[in-house]
**Q** 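Dumping the structure here so I can ask a few things about it.
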There are 4 protein chains.
Amino acid sequence: MARPRSPEKKEWIRKAAINLISEEGFHGVTTDKIAREAGVSVGTIYNYFENKEDIISYIFQVEHKKLNILFDRFQKKEISVPEKFKLLIEKYFKYVFNNEKLARIIHNETFRPGKKITREIFNYILAIRKYLKELVEEGIREGSIYPDYNLDMVVNFIMGLSFTTVVFGLTEPEEVEYIYKKAPEDIYNMLVRGIFVSER
Amino acid sequence: MARPRSPEKKEWIRKAAINLISEEGFHGVTTDKIAREAGVSVGTIYNYFENKEDIISYIFQVEHKKLNILFDRFQKKEISVPEKFKLLIEKYFKYVFNNEKLARIIHNETFRPGKKITREIFNYILAIRKYLKELVEEGIREGSIYPDYNLDMVVNFIMGLSFTTVVFGLTEPEEVEYIYKKAPEDIYNMLVRGIFVSER
Amino acid sequence: MARPRSPEKKEWIRKAAINLISEEGFHGVTTDKIAREAGVSVGTIYNYFENKEDIISYIFQVEHKKLNILFDRFQKKEISVPEKFKLLIEKYFKYVFNNEKLARIIHNETFRPGKKITREIFNYILAIRKYLKELVEEGIREGSIYPDYNLDMVVNFIMGLSFTTVVFGLTEPEEVEYIYKKAPEDIYNMLVRGIFVSER
Amino acid sequence: MARPRSPEKKEWIRKAAINLISEEGFHGVTTDKIAREAGVSVGTIYNYFENKEDIISYIFQVEHKKLNILFDRFQKKEISVPEKFKLLIEKYFKYVFNNEKLARIIHNETFRPGKKITREIFNYILAIRKYLKELVEEGIREGSIYPDYNLDMVVNFIMGLSFTTVVFGLTEPEEVEYIYKKAPEDIYNMLVRGIFVSER
DNA sequence: TATGAATGAGCGTTCATTCAT
DNA sequence: TATGAATGAACGCTCATTCAT
């Protein structure tokens, strides 16, 4: 199993898998289907991947890399933490909107239970949390984030807000566009002032 | 005159299924395993359930009923909407803490993709959204919730916050207790004033 | 398993089995279905029958008895062999017409292959062949049947003619009545002069 | 470039199925048994056939094709209809004698009741009836067949005679050879002059 | 004796993986 | 390296039979 000749073919397989898994779920898709969709034979899949699980692992691996690049770029931005979040949320929704199928997989398969949860999926989520945590800590330091929250929980809030908005959006396709366009602003406002009208 | 069909046995099966599905996921569990865990034969399962899918359907059905009772009780409370939410969130986390396995299933299987998503799971989620929506509308009417958000999105916020906190909590078992105990207050605060320190 | 109290119930089961097996075949019918159709519980079936196979065995047993009575009556008739056959064929078609479901079973299940072919079915067919053989021998003795045929084959002819007419009739329900009314005469004529016009 | 899909293997499966089904009946045979008998794995069966039913369907399909070739050849013969029948009957018995197991299946499974009767079996029988009917009509036209019989019934006669002779022959294996060798002549004679001695 | 819930061997079928070509 | 036929363990489910009531 030396280095495969054709990275191109690995891409075909990855994309085919994304298309199919996003629609039918990991368990609903067979290696045969993936091979057919990829225009490749089943055997070939096993030249590029150890096994079926490895495919979804790789899908997350690729996204993980993209994420790192994004985060690196953010690291260097000289803006306040709230503004970073604002931008980040916008990016996230843009990403979901433009990569609907991928987003669907990420949101559906992330919590696939059992021992079979791939290390790579776990790493992917961990990376997000780690970066957000750093950002929140920075925010607390610069005084732009309330310091009395549990740190992990703030991360959960932010991920949760976006994550769930997306997930519910994906289940109601007719509203997708509207929600995705409006969501970032709403989410940001929510992070600023909550939902409940507070008396001053 | 024969052995009476025992609701007891249906309970055994339901509980066995909850134990196993929470750990291995619906697809990772076989009817044989459920039968063994329930101390019952495979055949017996099919005496109480149409098919494997019907079991998870039933699990949600039971939770749905509990939910309705809860919501009915809330309907009658004469407190402000924010206070209702506060109570609701507390209830929710108490529930998750005491029904960890069930919670795990609810959070994992809710977005199981493919056509096979059970009607009952869908109804369960719908019921929650519907009730929350009513509550939010009430809050807007009474002036306790900012009226400029998209209504669906506010529901998403609230569900998302709680939902994701739970889900991430479930993946980091060592923090579970702390998170669950602290979460309700944090979430409520967040709904009141957001995360970002606002200037006055 | 002493003598059962209620021969009535055994009858219910037999009739239910006839109804169902005639439509779905022996393999297509479950003991549960038979019990339900009979208005009896599965357990009760096993009070009257050793096992499922035993039911079909019994169906043929009952018909066998009716047959013996019929044959005994024929034995005593003082008419020529061709006239006996004529009458016999008429009886047979009348029987099939009035007992369609039973006839269907007899014709379908008679040649059920495998070791499982019940002794009783075999005996039933044997009895028919034996009686016909005696009749043919009598016919040869009295000079009314050509003596140069193989004896078994003549029996086959006669059974085959009737048998197959019925079987094909049963598969084309719209012609049933016509065929059954016209068949006896045609079959008799055929036994008299064949099909091919012979020169004299 | 992979192992090519071998028609050879499909043949193995077909023949294994013939062997087993002829002895135990379609319902008595499992796909596992067929696979073992064919020297192939269960999975391979499903590479060549849609499902178990499809195997028996295919068996009849193959015979159907052979039949068409035979009938085509007969169509062209310039002999009288009775002579055609004579030849046809001889062919039929030769076929049965040389393909005992196949014949057993054809005769046993043809009238398998229930909705599951394969389209292919039905077509097979229909083809035979259709061809015989044409032949009978031709015979009536040329004056070699009595015109006062019901047409369908004449077909039944001929099929029935041969069919049943074979079926009964198959149940008494020790006589098989004798019966099959003698049968064609006897059947032909019977079609010529019947069984009963007619006075002139 | 009657009931019907309980049993579990056994079925047809699928599909991740292997391997001959 | 690519192919796709071959493999067979494993699955969901059925149903004849048993047995507690």
Side-chain angles (χ1 to χ4, degrees), chain A residues 1-6 9 27-36 39-55, chain B residues 1-6 9-10 27-36 38-55, chain C residues 1-6 9 27-36 39-55, chain D residues 1-6 9-10 27-36 38-55:
Chain A
M1 217 165 291
R3 164 168 307 217
R5 282 275 162 68
S6 146
K9 229 163 249 181
H27 277 101
V29 171
T30 67
T31 47
D32 268 346
K33 276 192 205 162
I34 295 175
R36 210 174 313 124
V40 135
S41 75
V42 225
T44 297
I45 290 183
Y46 285 82
N47 276 337
Y48 294 91
F49 299 93
E50 288 277 313
N51 50 38
K52 193 186 163 195
E53 184 110 87
D54 197 27
I55 301 175
Chain B
M1 223 178 285
R3 224 165 316 177
R5 188 183 275 225
S6 71
K9 217 157 271 176
K10 192 166 187 181
H27 283 294
V29 170
T30 68
T31 47
D32 269 349
K33 277 191 205 163
I34 296 176
R36 210 172 313 124
V40 136
S41 74
V42 221
T44 297
I45 290 183
Y46 288 85
N47 230 327
Y48 293 91
F49 298 94
E50 290 274 313
N51 50 39
K52 193 187 163 195
E53 184 112 89
D54 196 27
I55 300 175
Chain C
M1 218 164 289
R3 162 170 306 216
R5 282 277 163 69
S6 146
K9 230 164 249 182
H27 277 101
V29 170
T30 66
T31 47
D32 267 346
K33 276 192 205 163
I34 295 175
R36 210 174 313 124
V40 136
S41 75
V42 224
T44 298
I45 290 182
Y46 286 82
N47 276 336
Y48 295 91
F49 299 94
E50 289 278 313
N51 51 38
K52 194 187 164 195
E53 184 110 88
D54 197 28
I55 301 175
Chain D
M1 221 179 284
R3 225 165 316 175
R5 189 184 275 226
S6 72
K9 215 156 273 177
K10 191 166 187 180
H27 283 293
V29 170
T30 68
T31 47
D32 269 349
K33 277 191 205 164
I34 295 176
R36 210 173 314 125
V40 136
S41 75
V42 222
T44 297
I45 290 183
Y46 287 84
N47 230 327
Y48 293 92
F49 298 94
E50 290 275 312
N51 50 38
K52 193 187 163 194
E53 183 113 87
D54 196 27
I55 301 175

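In what follows, chains are A, B, ... by sequence order, proteins preceding strands, each numbered from 1.
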**Q** Would you say F:dA5 has OP1 or OP2 under 4.0 Å from some side-chain N or O of D:Thr44?
**A**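 D:Thr44 to F:dA5 OP1/OP2: no side-chain N or O under 4.0 Å.
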**Q** If you round to the nearest 0.5 Å, how far is CD1 of D:Ile34 from CZ of D:Phe49?
**A** 9.0 Å
**Q** Once you round it to whole Å, what is the distance between C1' of F:dG8 and CZ of D:Arg36?
**A** 12 Å
**Q** CD1 of D:Ile55 versus C1' of E:dT13: gap in Å, rounded?
**A** 12 Å
**Q** Calculate the interatomic distance between D:Asp54 atom CG and E:dT13 atom P; express it in whole Å.
**A** 10 Å
**Q** From the options F:dT7, F:dT3, E:dA2, select the nucleotide whose nearest atom is closest to the side chain of D:Val40.
**A**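 From the listed options, F:dT7 comes nearest.
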**Q** Where does DNA chain E pair, written as one dot-bracket string 5' to 3', with Watson-Crick or G-U pairs under 3.5 Å, ( ) inside the strand, [ ] for crossing pairs and | for another strand?
**A** .||||||||||||||||||||
**Q** Should A:Tyr48 be listed as having a side-chain N or O under 4.0 Å from OP1 or OP2 of F:dA2?
**A**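 Indeed, a polar side-chain atom of A:Tyr48 lies that close.
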**Q** B:Gly39 or B:Asp32: which one's nearest nucleotide on DNA chain E is closer to the 5' end?
**A**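 It is B:Gly39 whose nearest nucleotide is closer to the 5' end.
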**Q** Indicate the atoms forming the closest heavy-atom contact of D:Tyr46 with D:Lys52, along with that distance.
**A**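 D:Tyr46 and D:Lys52 have their closest heavy atoms at OH-N, 4.3 Å.
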**Q** Of B:Ser6 and A:Val42, whose closest DNA chain E nucleotide lies nearer the 5' terminus?
**A**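 Closer to the 5' end of DNA chain E: B:Ser6.
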**Q** Closest nucleotide of DNA chain F for D:Ile45 versus for B:Gly43: which of these residues is on the 5' side?
**A** D:Ile45
**Q** Choose from F:dA2, E:dG12, E:dT1 the nucleotide whose nearest atom is closest to any side-chain atom of A:Asn47.
**A** F:dA2
**Q** Measure from NE2 on D:His27 to C1' on E:dG12 and round the result to the nearest Å.
**A** 13 Å
**Q** So which nucleotide from E:dT3, F:dA6, F:dC11 ends up closest to the side chain of D:Ser41?
**A**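 Shortest atom-to-atom distance from the side chain points to F:dA6.
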**Q** D:Lys9 side chain N/O closer than 4.0 Å to the phosphate oxygens (OP1, OP2) of F:dA6?
**A**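 For D:Lys9, the contact criterion (side-chain N or O under 4.0 Å from OP1 or OP2 of F:dA6) is met.
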**Q** Working to the nearest 0.5 Å, report the span between CG of C:Asn47 and OG of C:Ser41.
**A** 8.0 Å
**Q** If you check every side-chain atom of A:Lys52, which of F:dA6, E:dA2, E:dA16 has the closest atom?
**A** E:dA16
**Q** Of the candidate nucleotides E:dG12, E:dT17, F:dC13, which contains the atom at the shortest distance from the side chain of A:Asn51?
**A**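 From the listed options, E:dT17 comes nearest.
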**Q** To the nearest angstrom, how far is B:Lys33 atom NZ from F:dA10 atom P?
**A** 11 Å
**Q** Only one of D:Asp32, D:Asp54, D:Ile55 forms a side-chain contact (heavy atoms from CB on, under 4.5 Å) with D:Ile45, so which one is it?
**A** D:Ile55
**Q** Rounded to the nearest angstrom, tell me the gap between atom NZ in B:Lys10 and atom P in E:dA5.
**A**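 About 13 Å, once rounded to whole Å.
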**Q** Distance check needed: E:dC11 C1' versus D:Tyr46 OH, whole Å only.
**A**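 So the two atoms are 9 Å apart, to the nearest Å.
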**Q** If you check the C:Thr31 side chain, which of F:dT3, F:dA16, E:dG8 turns out closest?
**A**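 Taking heavy atoms from C-beta onward, the closest nucleotide is F:dA16.
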